[in-house]
Amino acid sequence: MSTGIVSFIGAGPGDPELLTIKGRARIQSADLVLYAGSLVPPEVVACASPDARVVDSAPLTLEQCHALMRECALGGGQVARVHTGDPSLYGTVREQMLLLQADGIPCEVIPGVTAAFAAAAAAGISLTVPEAGQSLIITRMAGRTPVPEKERLRHLAAHGCSLAIYLSAGHAEAVQAELLDMLPPETPVLCACRVGWPDALLHEATVATLAEDVRTLGLTRQTVFLVLPGQRAAGARSRLYAPDFSHGWRDAGEDAANPPSRLP
């Protein structure tokens, strides 16, 4: 009997319609669907086969999750391991894959929409602004999981680029203090809670109001902060569509009203 495969699937931030087609197909064909029920809505895995075993991994340990996947895969079954957002970010994919590889079980990773991008989309904002900010740093405050000193928030904020701060709503005062060391108090901060869920909340704060706003709103979990230093800058027009900008599909100075056809 051949060994089955374990598919790590990014479920996105909560909206079942943000699950990729490939991820949905893996869930539909899986013999075991193991999903993080504390973060992934049941609707995301509702497409599983009636014959599949569907297990909430929230109360399980790493070793218990591995035992379930190992039993299924070594028996020739297909496993859908469903994670919130994108599996590559603040997940436990690395240690799970190492255990699977030690047992000779193949695995794959199917990406998903992460909360920072879903929050920006929901708010209708761009994380980059021409000439005002061209970089995004994804980070978190130290909690029970430590953060290297060189990645301390104040050091990252000193770059003046956009920040996506995960897993830190419970440390809002510390976040605010670190940001105020390096950024103007009026710097915009989008607080996005449970993006993609029916009760999603988007709140526009500033670095100066962040901690008080988080307390007032009662934000504790499933929240990402988007710190946007360039958001209020006038910025500049993107060069890609500027009339005087040449590239492989358009020459500078072409008549914008009557662009040439470049059909093959």
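All values below come from the heavy atoms of this structure, side chains included, with hydrogens, waters and symmetry mates left out.
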Is there a path of hydrophobic side-chain contacts, each under 4.5 Å between heavy atoms of I, L, V, M, F, W or Y residues, that connects Val82 with Phe8?
no
Nearest heavy atoms of Ala119 and Leu190, plus distance in Å:
O-CD2, 3.9 Å
Short side-chain donor-acceptor distance under 3.5 Å, Thr128 and Gln134
no
Give the minimum heavy-atom separation between Ala157 and Leu183, together with the two atoms involved.
O-CD2, 3.7 Å
Residues pairing under salt bridge (charged side-chain N to carboxylate O under 4.0 Å, His left out) where one sits in residues 58-83, two or more places apart or in two chains, turn out to be Arg70-Asp103
Side chains of Pro185 and Leu180: does their closest heavy-atom pair fall under 4.5 Å?
yes
Distance from Ser135 atom OG to His159 atom NE2, nearest 0.5 Å?
9.0 Å
Compare all side-chain heavy atoms of Ile137 with those of Cys161 and state whether any distance is below 4.5 angstrom.
yes
Among Thr206, Thr187, Leu163, find the one that has a side chain to side chain contact (heavy atoms under 4.5 Å, CB included) with Leu179.
Leu163
Should Ile9 and Leu19 count as side-chain neighbours, where that means a heavy-atom distance under 4.5 Å?
yes
Interatomic spacing from CG in Asp213 to CD in Glu204 - rounded to 0.5 Å:
11.0 Å
Are Leu153 and Phe225 connected in the hydrophobic side-chain network, where two residues link if heavy atoms are under 4.5 Å apart?
yes
Step by step, would you call Leu34 with Cys65 a side-chain contact (heavy atoms from CB on, under 4.5 Å)?
CA-CA 8 Å; Leu34 189 61; Cys65 289; 3.9 Å; yes
Okay, side chain of Gln28, backbone of Ala48: is any donor-acceptor separation there less than 3.5 Å?
no
Can you tell me how far the CE atom of Met141 sits from the CZ atom of Arg152, to the nearest 0.5 Å?
8.0 Å
With side-chain contact (heavy atoms from CB on, under 4.5 Å) as the test, would you mind laying out the steps for Leu99 and Leu62 before giving the verdict?
CA-CA 10 Å; Leu99 290 174; Leu62 172 65; 4.0 Å; yes
Roughly how far, to the nearest 0.5 Å, is the OG1 atom of Thr209 from the NE2 atom of His203?
5.5 Å
Closest non-hydrogen contact found for Ile105 with Gly4 is CG2-O, 3.9 Å
For a side-chain contact (heavy atoms from CB on, under 4.5 Å) check, start with the C-alpha distance between Phe117 and Leu127, then their side-chain angles and the critical distance, and finish with the verdict.
CA-CA 8 Å; Phe117 301 140; Leu127 293 169; 3.7 Å; yes
For residues 37-53, pull every pair meeting side-chain hydrogen bond (donor to acceptor under 3.5 Å, both in side chains), keeping only residues two or more places apart or in separate chains.
none
Walk me through it: do Leu167 and Thr145 pass the test side-chain contact (heavy atoms from CB on, under 4.5 Å)?
CA-CA 10 Å; Leu167 304 168; Thr145 299; over 6 Å; no
Could you give the distance from CE (Met69) to CG (Leu32), rounded to the nearest 0.5 Å?
8.5 Å
Leu226 reachable from Leu89 in the ILVMFWY side-chain graph, under 4.5 Å edges:
yes
pair Gln176-Glu212: side-chain heavy atoms closer than 4.5 Å:
no
Do Asp15 and Val113 come within less than 4.5 Å of each other through their side chains, counting heavy atoms only?
no
Could you tell me which residues satisfy ring-ring contact (aromatic ring centres under 6.0 Å, His included) with Tyr90, sequence neighbours excluded, listed by chain and number?
Tyr166
